[in-house]
Amino acid sequence: MEKLDLLKLPQAEAAALQKRLNKLVAFTGIKIDILDLKDNILTVRVEQVDLKNGWILNQDELSYRAKDIFRDFPQFKVHYITLTYQPKFESITKEWIKAKMKEFNLKQTDVIKH
C-alpha cells in the first residue's frame, strides 16, 4: 500500500495492516491505496485489479471488503473511492478465443449460439 506512513501507526500495527492488504490482493484481486489523510478523514482507493474466481465485484462489495480492513482503526473516518474491474479487451484476440474454446471443449456452433 502506498502512503501507509500517513497513518502514523506503530510498526507492529503497520506490518499487520500491510499483511492483511497483501492477502486481500492475493486472494481477491482487490488493491487498496491510501490517497489522503486530513483531519482524521482517510481517503482510500479500492480497486479490483485482478479477476479471481470469475467474480466481478460491484462498488458496494468493494467498499464492504475495504471496511473490513479498516475496522480496527476507529480513529479514522474512511471515504472509499471504488473502481470496479475493467477487462483488458485489447488482449482478446482470435487466438485467445480459439484457446479458450479448446480449453472448455467448445465448438464454433456453441460460441455462435450465445
Could you tell me which non-hydrogen atom of Leu9 sits nearest to which non-hydrogen atom of Ala14, and how far apart they are?
CB-N, 4.2 Å

Check: Leu62 main-chain N/O paired with Arg65 side-chain donor or acceptor under 3.5 Å:
no

How long is the span from the OG1 atom in Thr84 to the CD atom in Gln59, to the nearest 0.5 Å?
6.5 Å

If you look at every heavy atom in Asp68 and Arg20, which pair is closest and at what distance?
O-NH2, 2.8 Å

Asn40, CG: over 12 other non-hydrogen atoms inside 6.0 angstrom:
yes

If only atom types and distance count, is the side chain of Lys31 paired as donor or acceptor with the main-chain N or O of Val49 below 3.5 Å?
no

Could you tell me if the side chain of Ile32 sits less than 4.5 Å from the side chain of Leu24, heavy atoms only?
yes

Neighbour count >12 (heavy atoms, 6.0 Å) for atom CD, Gln11
no

Rounded to the nearest 0.5 Å, what separation is found between the CG atom of Leu51 and the OH atom of Tyr85?
5.0 Å

Asp39 side chain to Ile41 backbone, donor-acceptor under 3.5 Å
no

Side-chain (Gln48) to main-chain (Leu57) donor-acceptor, under 3.5 angstrom
yes

Could you tell me whether the side chain of Phe104 reaches within less than 4.5 Å of the side chain of Asp110, counting heavy atoms only?
no

Without swapping roles, check the side chain of Ser91 against the backbone of Lys88 for a donor-acceptor pair under 3.5 Å.
yes

For Ala66, is there any backbone N or O sitting under 3.5 Å from a side-chain donor or acceptor partner on Arg71?
no

Give a yes or no on whether Leu4 and Phe76 share a hydrophobic cluster (residues Ile, Leu, Val, Met, Phe, Trp, Tyr; joining criterion: side-chain heavy atoms under 4.5 Å apart).
yes

Side chains of Leu106 and Lys98: does their closest heavy-atom pair fall under 4.5 Å?
no

Common cluster, Phe73/Ile69, ILVMFWY with side-chain heavy-atom separation under 4.5 Å
yes

In one Ile/Leu/Val/Met/Phe/Trp/Tyr side-chain cluster, 4.5 Å: Ile30, Phe70
yes

Roughly how far apart are Ile112 CD1 and Lys107 NZ, rounded to 0.5 Å?
13.0 Å

Can Val44 and Ile81 be said to form a side-chain contact (heavy atoms from CB on, under 4.5 Å), step by step?
CA-CA 6 Å; Val44 298; Ile81 298 172; over 6 Å; no

Are side-chain heavy atoms of Leu7 and Ile34 found at a separation under 4.5 Å?
yes

Is a side-chain N or O of Lys52 found less than 3.5 angstrom from the main chain of Ala26, in a donor-acceptor match?
yes

Counting only heavy atoms from other residues, nucleotides and ligands, does the tally under 6.0 Å from CD of Gln75 exceed 12?
yes

Test your reading of the model: is there a side-chain donor-acceptor pair from Glu61 to the backbone of Asn58, 3.5 Å cut-off?
yes

Can Val46 be reached from Leu6 by stepping across I, L, V, M, F, W or Y side chains whose heavy atoms are under 4.5 Å apart?
yes

Can you tell me how far the NZ atom of Lys23 sits from the OG1 atom of Thr28, to the nearest 0.5 Å?
12.5 Å

Minimum side-chain heavy-atom gap His79-Leu42 below 4.5 Å:
no

So, applying side chain to side chain contact (heavy atoms under 4.5 Å, CB included) with Ile97, which one of Met101, Lys94, Lys100 is it?
Met101

Non-hydrogen side-chain atoms of Tyr80 and Arg45 separated by less than 4.5 Å:
no

